[in-house]
S.K.: 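Before I ask anything, let me first share the structure, which is written out below as structure tokens.
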Protein chains: 2
Amino acid sequence: MTSNSIRQKEIAEKTGYSINTVSLALKGSPRISEETRLKIMECARQLNYIPNVVARSLVQKKTNTIGIILTELMNPILTETAQEIEQLLKQAGYNMMLMITNFSPEQEAEALDVLVSRQVDGIMMYPLVRANFSKIRAMHDQRFPIVLLAGGEYDSPSDAVYMNRQAGAYKAVSHFIQDGHRRIGFIRGAMNDEEKQNGYTSALQDNGIDFDPGLVSIIQGDGYKAGYASVQSLYEKGKATAVLCSKDHIALGAMRWCREQGIRVPEDIAFIGFDDIAASSFADVPLTSVQYDVKSVTKKATELLLKRIEEKEHKVGAPLQKIAIDPKLIIRQS
Amino acid sequence: MTSNSIRQKEIAEKTGYSINTVSLALKGSPRISEETRLKIMECARQLNYIPNVVARSLVQKKTNTIGIILTELMNPILTETAQEIEQLLKQAGYNMMLMITNFSPEQEAEALDVLVSRQVDGIMMYPLVRANFSKIRAMHDQRFPIVLLAGGEYDSPSDAVYMNRQAGAYKAVSHFIQDGHRRIGFIRGAMNDEEKQNGYTSALQDNGIDFDPGLVSIIQGDGYKAGYASVQSLYEKGKATAVLCSKDHIALGAMRWCREQGIRVPEDIAFIGFDDIAASSFADVPLTSVQYDVKSVTKKATELLLKRIEEKEHKVGAPLQKIAIDPKLIIRQS
DNA sequence: TTGTACGCGTTATCAG
DNA sequence: CTGATAACGCGTACAA
């Protein structure tokens, strides 16, 4: 695009060879003699030749671009996810087109369309809701490589790699129960926390504890503030002695409130969060947390996606694959 | 790329019109009759036609893609920067190719090359070091639209939008001095904090305070841990009564150490950080901080970049532009 | 070892 | 209003 943009044509004219020879020489084809190859390479270097990947993509039907669709970036899990994927893809010779949906089903659908029209070789996405599952299923059925980064509870319409959130919640609640807790609260977001709640309720059930809707609090907005504001009702209303929070931020906010009220953690009330963010280990009372293993998820997901792309190139069929990664409970003092 | 990938050719055959007519009809050209336009649109919808943007880009010499180069993503400022830019670009009809350099000059240079070869319409970057300035200058001189997101202190080789870090540090130190502090420490990272140090030293100088190298601590690695570990030496060695930290994380870590030691903030030692991250307002002693106004920076930068792209399309010349945004000092209790 | 001819899917130019 | 025809820059057969 730069004004001095030079193409293979120019270096062909300059060296006296045909465009074809230039093309072959530049990619080091053995069919070109060492001598002319060097001559051409040297000329290309002097003219500062930069290949036009768009043209190459058109003829090769391959862009070496992967689309990434995330609901947001400010969530530390997704921040790390994006960064890890970028690194892994780069190592494999791919680049990344990033799309943020802001939790909007319309933007999610739009992102899928845009990426397809841009001929990306594959898509990784952190899906929002079921809203676009039919679309995703259709793409998968047409053998478009698409890997979801979540999808435990539901019938994934495509390949998926995910942390088993339900198992994580189950582990956390079981840990509370082992410590003697019977009245266990749960603070969760309005969306996307169904799996965690399933783990919460089934752990209660398996231990013969009745589910009390009054011990579940659904919050909105910033986790820290909402945790700070919502824990009071659980503490007073049901006298919960332990609270599972669907995010560490929520737990940290709640613990802040407790400290200000002179309520001791974990003696008076215990907490477990999700995701094991950095701040959790540094909290006044280091927070026990269900770890989200970003590196494992992104690694598996990238491997799976690249495998799908390769399979497609070789027209190999393969069944839908779902990879669940079991979270660890990082036990600290809360 | 999907197996059923259908092109304008198919819908031309299906409807009996020429490829050309199809192309024009699909983009709603007034030169096509309403009737045939509807017929063609309907057919396209039925066949689920999706335009091939790669082919379009090749002929139009425009990809509607912007390259973003960042040193990392885990820094909350950059996380928000990436997210904001994505939103702004999307609104303007562009998509974003994201590259992370991991603070490596080689990766930064590589990223520039890749983006150019991918024919992006422009680049926004958070530059690492001067290592690639000559390359950037060359690109800018060839009228390649490229906007830097930092670049106060040095002679930017290209258009730039940035927070005036030096002014921020100056404000912070002046604030300390107004409060009666004379022994003011500075904890900074090994790289990219020269501007802040310049502001620090010039504020000292302007107030007749001698610069004491012993009061400057250069740290490495995670800010929180490093702040926690490094503040002791400043407190003991020089009995600093106030410390400017080049990041909020550092200040938060340092304040944590103080609390554990029974040192009162701000009575025994005061702190100011940089960037005003969310956690700062929630700290036990809410942290005074030099705010980084991400939204302003990204907005100005995007506007400037898109203007440059337009100018280039219309072959208009324009002088290099540098936009500095003055940071606010968010005064809290620390 | 090298050159010719054609195609990738779309838009742009010019006739009709 | 519509249709040929030629680009865009590169890669791949096939021929020489």
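Chain A is the first sequence line, chain B the second, and so forth, proteins listed ahead of strands; every chain is numbered from 1.
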S.K.: Hey, which of these two, B/E34 or B/L58, hits DNA chain D nearer its 5' end, going by closest nucleotide?
M.R.: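 Result: B/E34.
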S.K.: Tell me: CG of A/L26 to P of D/dG9, nearest whole Å?
M.R.: 16 Å
S.K.: Scan A/K27 against the nucleic acid and name what it touches under 4.0 Å (heavy atoms): base, sugar-phosphate only, or nothing.
M.R.: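 Since only primed, P, OP1 and OP2 atoms lie under 4.0 Å of A/K27, the category is sugar-phosphate.
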S.K.: At what angle, to 10 degrees, do the two end axes of the helix from C/dT1-D/dA16 to C/dG16-D/dC1 meet, given five pairs define each axis?
M.R.: 40°
S.K.: Going through the distances and angles, do A/M96 and B/M97 end up as a side chain to side chain contact (heavy atoms under 4.5 Å, CB included)?
M.R.: CA-CA 6 Å; A/M96 161 172 129; B/M97 184 148 277; over 6 Å; no
S.K.: Between B/E42 and B/R45 (salt bridge meaning N to carboxylate O under 4.0 Å), is one present in this structure?
M.R.: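 Judged by the 4.0 Å cut-off on N to carboxylate O distance, B/E42 and B/R45 do form a salt bridge.
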S.K.: Show the atom names and distances, to 0.1 Å, of all donor-acceptor pairs under 3.5 Å that link a side chain in residues 19-30 of chain A to residues at least two apart or in another chain.
M.R.:
unit_1, atom_1, unit_2, atom_2, d
A/T21, OG1, A/S18, OG, 3.1
A/S29, OG, A/R31, N, 3.1

S.K.: Measure the distance from CD on A/Q8 to P on D/dC8 and round it to the nearest whole Å.
M.R.: 14 Å
S.K.: Could you list the residues that satisfy salt bridge (Lys or Arg N to Asp or Glu O under 4.0 Å) with A/E72, not counting sequence neighbours?
M.R.: none
S.K.: Can you tell me the distance, in whole Å, between the CD1 atom of B/I6 and the P atom of C/dT10?
M.R.: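 Computing the B/I6:CD1 to C/dT10:P distance gives 9 Å.
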S.K.: Are the side chain of A/T71 and the backbone of A/N102 linked by a donor-acceptor contact shorter than 3.5 Å?
M.R.: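 Between the backbone of A/N102 and the side chain of A/T71 there is no qualifying donor-acceptor contact (under 3.5 Å).
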S.K.: Give a yes or no on whether a salt bridge exists between B/E10 and B/K14, defined as a side-chain N under 4.0 angstrom from a carboxylate O.
M.R.: no
S.K.: Using whole Å, what does the distance between atom P of nucleotide C/dC8 and atom CG of A/N52 come to?
M.R.: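 Rounding to the nearest Å, CG of A/N52 and P of C/dC8 are 18 Å apart.
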S.K.: Output yes when at least one side-chain N/O atom of B/Y49 is less than 4.0 Å from OP1 or OP2 of C/dT10, else no.
M.R.: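 Looking at the OP1 and OP2 atoms of C/dT10, one of them is under 4.0 Å from a side-chain N or O of B/Y49.
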S.K.: For a quick check, with a 4.0 angstrom heavy-atom cut-off, what is the B/S/- contact string for nucleotides 2-7 of chain C, read 5' to 3'?
M.R.: BBB--B
S.K.: Less than 4.0 angstrom from a charged side-chain N to a carboxylate O is my criterion; do B/D113 and B/K135 meet it?
M.R.: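 A salt bridge links B/D113 with B/K135.
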S.K.: Listed by chain and number, what are the salt bridge (Lys or Arg N to Asp or Glu O under 4.0 Å) partners of A/K9, not counting sequence neighbours?
M.R.: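 None.
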S.K.: Between B/Q60 and D/dA7, is there a contact of a side-chain N or O with OP1 or OP2 at under 4.0 Å?
M.R.: no
S.K.: Measure CD1/A/I11 against C1'/D/dC10 and give the value in whole Å, please.
M.R.: 13 Å
S.K.: Output all residues satisfying salt bridge (Lys or Arg N to Asp or Glu O under 4.0 Å) with A/K295, sequence neighbours left out; order by chain, then residue number.
M.R.: A/E80, A/E84
S.K.: Taking only side-chain nitrogens and oxygens of B/K9, does any of them come within less than 4.0 Å of OP1 or OP2 of C/dT10?
M.R.: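 For C/dT10, neither OP1 nor OP2 has a side-chain N or O of B/K9 closer than 4.0 Å.
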S.K.: Give the rounded distance in Å between these two atoms: CG of A/N64 and C1' of D/dC10.
M.R.: 15 Å
S.K.: Rounding to an integer number of Å, can you tell me how far B/I40 CD1 sits from D/dC1 P?
M.R.: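 Rounding to the nearest Å, CD1 of B/I40 and P of D/dC1 are 13 Å apart.
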S.K.: Rounded to whole Å, how long is the line connecting atom NZ of A/K61 with atom C1' of C/dT10?
M.R.: 12 Å
